[in-house]
Each structure stands twice: as C-alpha cells, then as structure tokens.
Amino acid sequence: MVPFTMDRFLRDMEYPATKDDLLREAAREALSERDRELIESLPDRTYPAGWHVRRALAPRTIGVPREPVLV
C-alpha cells in the first residue's frame, strides 16, 4: 500500500504528469527521501492519473510500513 504522505501527494498532483513532473513536485512538497526514492524507481513515462502511479508503485511498496496518521 502507498504510504499516507505519498497518497496525499498523488491525490493533489495535476495529471497527466511525467516522472520528471512527479520528482519536481515531490522535491517542492518536501516528501520524505523514501517517497522520492519510490518515485525515482518508477518507469520513465507519462501517467494519466494518480491510480496509474499507484499501480506502478504497488510492487515497490509491498511490505513498506505506512507512516502514522496524526490527527
């Protein structure tokens, strides 16, 4: 499952977005290093919607603990 911070980032991202777009916005939003590494591991292509990014990330996030949600 995609970590919470990544989920929020992907939900707020404008699409379509390239891998470079995602990396630039991830740096601007100060996502964690782990989240930026996940984006860096994506295939270099254009993603029409957030669920396409989530689908590409799914095999990379299996077993990755979710960050706690602060209420």
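The figures that follow rest on heavy atoms only: side chains count, while hydrogens, waters and symmetry mates do not.
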Does some side-chain heavy atom of R54 sit less than 4.5 Å from a side-chain heavy atom of R11?
-> yes
Side-chain touch Y47/L42, heavy atoms, less than 4.5 angstrom = yes
A26 and R36: which non-hydrogen atoms are nearest, and at how many Å?
-> CB-CG, 3.9 Å
Measuring from D20:CG to I39:CD1, what's the distance to the nearest 0.5 Å?
-> 11.5 Å
Is there a side-chain contact between D12 and E29, using heavy atoms and a 4.5 Å cut-off?
-> no
Compare all side-chain heavy atoms of K19 with those of E40 and state whether any distance is below 4.5 angstrom.
-> yes
D21 side chain reached by M13 side chain, heavy atoms, under 4.5 Å | yes
Should R28 and E25 be marked as a salt bridge (charged side-chain N to carboxylate O under 4.0 Å, His left out) after you check the CA-CA gap, both sets of side-chain angles, and the distance that decides it?
-> CA-CA 5 Å; R28 194 175 76 96; E25 290 302 311; 2.9 Å; yes
CG/L38 to CG/L57 distance, rounded to the nearest 0.5 angstrom?
-> 6.0 Å
Please indicate whether R45 has more than 12 foreign heavy atoms, meaning atoms of other residues, nucleotides or ligands, lying under 6.0 Å from its CZ.
-> yes
Any side-chain heavy-atom pair of L10 and Y15 under 4.5 Å = yes
D44 side chain near T18 side chain, heavy-atom distance below 4.5 Å | no
L31 and T5: which non-hydrogen atoms are nearest, and at how many Å?
-> CD2-O, 4.0 Å
